[in-house]
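Chain identifiers are assigned alphabetically (A, B, ...) following the order of the sequence lines, protein sequences preceding nucleic acid strands; residue numbering begins at 1 within each chain.
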Amino acid sequence: MLKIYNSLTQTKEEFKPLVEGKIGIYVCGITTYDYLHLGHARMLVAFDVVTRYLRERGFDVNYVRNITDIDDKILNRAKENGELFSDLTDRFIEAMHEDERALAVLPPDVEPRATGHITEIVEMIKLLVEKDMAYRAGNGDVYFSVMNFPDYGKLSKKKMDELLDGARIEVGELKKDPRDFVLWKSSPDDGVGWDSPWGYGRPGWHIECSAMSTCCLGDNFDIHGGGSDLLFPHHENEVAQSEASTDTQFANVWMHNGPLRVDNEKMSKSLDNFFTVREILETYDAEVVRHLLIASHYRSPINYSEQSLRQSTSILERFYNCLNGLDIDSAKSLTNSRFEKAFFAAMDDDFNTPEAFSVLFEIVREINKQKEGEPILANQLGALLVRLANLLGILQSTPAEFLRSNVATDVDEEEVDQLIAARKQARANKDWALADEIRDKLAAMKVVVEDGADGSGWRIER
RNA sequence: GGCUGGAUGGCAGAGUGGUCAUGCAGCGGACUGCAACUCCGUUAACGCCGGUUCGAUUCCGACUCCAGCCUCCA
């Protein structure tokens, strides 16, 4: 039984899709005005695991993840650079897709862009204005009227009146209520914008997601996800806009991934303590980064550090050392084993990846035990290990690829082979001094030699 | 100040009302010319104070501390 923690009810619930066998899921994507940082990567990887697993469970998943390609930050950055805002967003969308591929994040089924849905956005705002749920202010901006939506706060568990107290939001002369938020912003005539019943302007951030999710998945759909920092106000506002306009429940299940911290502080652009994905990928393998991001439960915070990356590196080395020498391609994966059952039970329990990993380590130990005596069984277990790990998007390389190269180290394989051959000769002559000298030489090249029953293997030192 | 969540062995990180997480590190052994890899064994934990219970790290309450949100943010 698949259970998912629902932020709306604050409980783990048995998951039941609206339509048997099908799942519609919408996740708030990126505002594209810079390179992805590790916090973005966490969100992308978290929901990549979710969708991969839901598909494995046999669901027909429609995964929608939007791109916010119109926003004040984008306009400001474009202005600084002296370029068209669309050139800026095109560039960073391309970079985002590159980073996603590196991290083995599968593309969503639909990737709507805000600028591609202006019509739907305007229609939704129109409906809200007609229903007296929104109003046009003197400057052409249109605001949502929070007071007219009694359920406001049901997702973030905030009380309407408490939101009023000490509200840091200035009561502008434009807003009727400090809690109101903008749906449509008027733009200067020479600025970026679109025509609307309220004049030339551009959409507010929150309405984009309401319009795009409804457009792609319908008024009521199964799962809405995003970072926990979006819960308020963004997701709360989405609920308000959508339910006020459609008079029906918006998303059934709300999933929020936990934050990524650096030195126990939230990593964010505004704190200027963020690491971009591409900068980390210069020194660490993508799979190492991906492991780090799923080694903790998706709802827990992750504290990023060099040490945690090193730990993920040793863990992957253990996996690949185990797979090294197995013949997996021709082996049939063991099915219905206790390992597989335990793995699925862990993932069924709100995508408990740490628990799932503990099962993978049990398989590793079993393989290492059986390698000598029961090679066929070891191969079958190896195939199982790879199959299950692939559901998490890891162990997608071969042992040789992972163990003998990485982004930071480049070795001359021919030279290594020559040195190993020379050492083999020395060992045959029992010239241990020479053998050790050669091993030291290899070590200086960051090459670790491993002597086995059938010759000496090697890997790079990470 | 309000709301939400958390506090687990040296570190990372799950989970459970009474017997094991798991990984890294440590210790002892096996393998090895010595190592590395690997295997076997092993040490070690549940913030603090009460309550419920035959029994609580696990449930309930108070306290302390930490984090996130309340403002753009995945």
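Between A/Pro259 and A/Pro233, the residue whose closest nucleotide on RNA chain B is further toward the 5' end is A/Pro233. Two residues, A/Ser358 and A/Glu317, neighbour RNA chain B, and the one matched to the more 5' nucleotide by heavy-atom proximity is A/Ser358.
Contacts between residues 359-370 of chain A and RNA chain B, defined by a heavy-atom separation below 4.0 Å, involve A/Phe361, A/Arg365, A/Asn368, A/Lys369, listed by number. Near-neighbour residues of RNA chain B inside residues 442-459 of chain A, defined by a heavy atom below 4.0 Å, number-ordered: A/Val448, A/Val449, A/Glu450, A/Asp451, A/Arg459. Residues of residues 417-438 of chain A that place a heavy atom closer than 4.0 Å to RNA chain B, in numerical order, are A/Arg423, A/Arg427, A/Trp432, A/Asp436.
A/Gly39 comes within 4.0 angstrom of a base, heavy atoms only. Using a 4.0 Å heavy-atom cutoff across all strands shown, A/Gly153 reaches no nucleic acid atom at all. At the heavy-atom level, A/Glu372 lies nowhere under 4.0 Å from the strands shown. Residue contacts shown for A/Ile315 are limited to sugar-phosphate atoms, with no base heavy atom under 4.0 Å away.
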(request) Starting at the 5' end of RNA chain B, write a dot or bracket for each base, bracketing those in Watson-Crick or G-U wobble pairs whose two distances are under 3.5 Å and using | for partners on another strand. (result) (((((((..(((.....[...))).(((((.......)))))....(.(((..]....))).))))))))....
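Regarding contacts with the backbone of B/A74, every side-chain N or O of A/Lys266 stays at 4.0 angstrom or more from both OP1 and OP2. Between A/Arg318 and B/U38, a side-chain N or O to OP1/OP2 separation shorter than 4.0 Å is present.
Residues meeting the side-chain hydrogen bond (donor to acceptor under 3.5 Å, both in side chains) test with A/Thr68, sequence neighbours left out: A/Asn66, A/Glu208. Under the ring pair (Phe, Tyr, Trp, His ring centres under 6.0 Å) criterion, A/Phe357 pairs with A/His291, not counting sequence neighbours. A/Phe343 pairs by the ring pair (Phe, Tyr, Trp, His ring centres under 6.0 Å) definition with nothing, not counting sequence neighbours.
Among pairs with a residue in residues 99-109 of chain A, those fulfilling side chain to side chain donor-acceptor pair (under 3.5 Å) read A/Arg55-A/Asp109, A/Arg65-A/Glu100, A/Asp99-A/Arg278, at least two apart in sequence or across chains. Note on residues 288-316 of chain A: pairs passing salt bridge (Lys or Arg N to Asp or Glu O under 4.0 Å), not counting sequence neighbours, are A/Asp48-A/Arg290, A/Arg299-A/Asp350. Legend: side chain to side chain donor-acceptor pair (under 3.5 Å) pairs involving residues 384-394 of chain A, not counting sequence neighbours, sorted by first then second residue: A/Ser333-A/Arg387, A/Glu340-A/Arg387.
Salt-bridge check for A/Lys73 with A/Asp34: failed, with every basic side-chain N at 4.0 Å or more from each acidic carboxylate O. A/Arg202 and A/Asp72 are joined by a salt bridge, as a carboxylate oxygen and a charged side-chain nitrogen come within less than 4.0 angstrom of each other.
When the P atom is compared between B/A56 and B/G50, the two are found 13 Å apart, to the nearest whole Å. Taking the C1' atom of each, B/C24 and B/U43 are spaced 15 Å apart, rounded to whole Å. Distance noted for atom P between B/U22 and B/G41: 11 Å (whole Å). Look at the C1' atom in both B/A44 and B/U38: the space between them is 24 Å, to the nearest Å. Nucleotides B/A74 and B/A67, compared at atom P, are 22 Å apart to the nearest Å.
A/Lys441 and A/Leu419 make their closest contact through CD-CD2, 4.2 Å (heavy atoms, listed as atom of the first residue, atom of the second, distance). Here the closest heavy-atom approach between residue A/Val277 and residue A/His37 is recorded as CG2-O, 3.6 Å.
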What are the atom names and distances for every N/O pair under 3.5 Å that joins the protein to nucleotides 13-16 of chain B?
from  : atom 1 : to       : atom 2 : distance (Å)
B/A14 : OP1    : A/His297 : N      : 2.8
B/A14 : OP1    : A/Ser300 : OG     : 3.1
B/A14 : O3'    : A/Asn352 : ND2    : 3.1
B/A14 : O2'    : A/Glu355 : OE1    : 2.4
B/G15 : OP1    : A/Asn352 : ND2    : 3.2

All N/O pairs under 3.5 Å across the protein-nucleotides 4-6 of chain B interface:
from : atom 1 : to      : atom 2 : distance (Å)
B/U4 : O3'    : A/Gln10 : NE2    : 3.2

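Residue A/Ile30 holds its CD1 atom at 9.5 Å from CD of A/Glu111, rounded to the nearest 0.5 Å. Rounded to the nearest 0.5 angstrom, A/Arg52 CZ and A/Leu391 CG are separated by 8.0 Å. Atom CZ of A/Arg365 and atom CD1 of A/Ile363 lie 11.0 Å apart (nearest 0.5 Å).
Side-chain atoms of A/Ser228 come within 3.5 Å of backbone N or O of A/Asn257 as a donor-acceptor pair.
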(message) Would A/Phe344 and A/Tyr53 count as a ring pair (Phe, Tyr, Trp, His ring centres under 6.0 Å) here? Give the steps.
(response) CA-CA 9 Å; A/Phe344 277 81; A/Tyr53 185 69; 5.8 Å; yes
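Relative orientation of the A/Phe232 and A/Tyr152 rings is perpendicular, given thresholds of 30° and 60° on the angle between their planes.
Open room surrounds NZ on A/Lys79; 12 or fewer heavy atoms of other groups in view lie less than 6.0 Å from it.
The ring of A/Phe221 has its center closer than 6.0 angstrom to the ring center of A/Phe250. Between A/Phe181 and A/Tyr143, the ring centre distance reaches or exceeds 6.0 Å.
The nucleotide whose nearest atom lies closest to any side-chain atom of A/Leu230 is, among B/G23, B/A74, B/C72, B/A74.
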